[in-house]
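One-based numbering along the sequence shown.
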Amino acid sequence: MRELDPALTITTPAPPPRRSRLGLVVAIAVVVLLLYAAAPYYSVWRFGEALRAHDMDAIAARVDFGDVRGSLKQQIRDHFEGVLKKNASNQNDLVAQFLTAAANDPLGQLIDMYITPEGLAALIADPNPIRNASSISALPSLAESPRPVDWSIARRAFFTGPREFTLDHEGIKLRFRLDGKGWRLHEVDLELESRK
């Protein structure tokens, strides 16, 4: 039998090792997870920039105004009803009925005035005037221009679910939700429950 010259033999390249494919998949997964984890922080920063610039279109794109209004209406209504229960009297019963009346919802109309870009900026910058109000007439007006929001005093920012992200700022919680339009503010939690 005749031996073949090794220089003339044709060799087929070895298939790539499985480790390199697995490494590529792991690297892509890590990059996707890092982008997912960083996205809400970037969205909060963009939200803050939009508030500072009073850019109505940018704010509208980053806030679910319907959810924020509904949340604040319920929180403030519950807060005032709790204050009224502490000071029970016939007059307060009338005020409680006024707060819960479905027709013309005066509290809802008042909250609707607050949930504007300027109102959100004022509320986030200083929630204490609303927190400390003991009646509807004690709610502050928005006549003054709001002070700038200082994001450096935000205490914590964390995921509360796969599509939920919360920023703790000045004792209020700004809750962002991931939807088809990105991370958007959907609730401003004033943490009024303890004040009932």
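Contact detail for Leu178 and Trp183: the closest heavy-atom pair is N-CE3, 3.6 Å. Here the closest non-hydrogen pair linking Pro40 and Phe165 is CB-CG, 3.5 Å. Shown here for Phe176 and Leu185, the closest heavy-atom pair between the two residues is CD2-N, 3.4 Å. Annotation for Leu190 and Pro127: closest pair CD2-CB, 4.1 Å, computed over non-hydrogen atoms.
Atom OH of residue Tyr42 and atom CG of residue Leu35 lie 12.5 Å apart, to the nearest 0.5 angstrom. Lys173 contributes atom NZ, which lies 7.5 Å from atom OG1 of Thr166 (distance to the nearest 0.5 angstrom). Between atom CZ of residue Arg46 and atom CZ of residue Arg62 there is a gap of 4.5 Å, rounded to the nearest 0.5 Å. Atoms CD and CD1, from Gln75 and Ile172 in turn, are 9.5 Å apart once rounded to the nearest 0.5 Å. With values rounded to the nearest 0.5 angstrom, Leu24 atom CG is found 4.0 Å from Ile28 atom CD1.
Between Arg177 and Asp67 the shortest side-chain heavy-atom distance falls below 4.5 Å. Between Tyr41 and Leu167, every side-chain heavy-atom pair lies at or beyond the 4.5 Å cut-off. Residues Asp189 and Leu174 form no side-chain contact, since every pair of their non-hydrogen atoms from C-beta on lies 4.5 Å or further apart. With a 4.5 Å cut-off on side-chain heavy atoms, Arg184 and Asp179 count as touching. For the pair Phe47/Val63, a side-chain contact is recorded, criterion being any heavy-atom separation below 4.5 Å from C-beta on.
Linking ILVMFWY residues whenever their side-chain heavy atoms come closer than 4.5 Å, directly or via other members, places Val26 and Leu34 in the same cluster.
Ion pairing between Arg175 and Glu164 fails under the 4.0 Å rule for side-chain N and carboxylate O.
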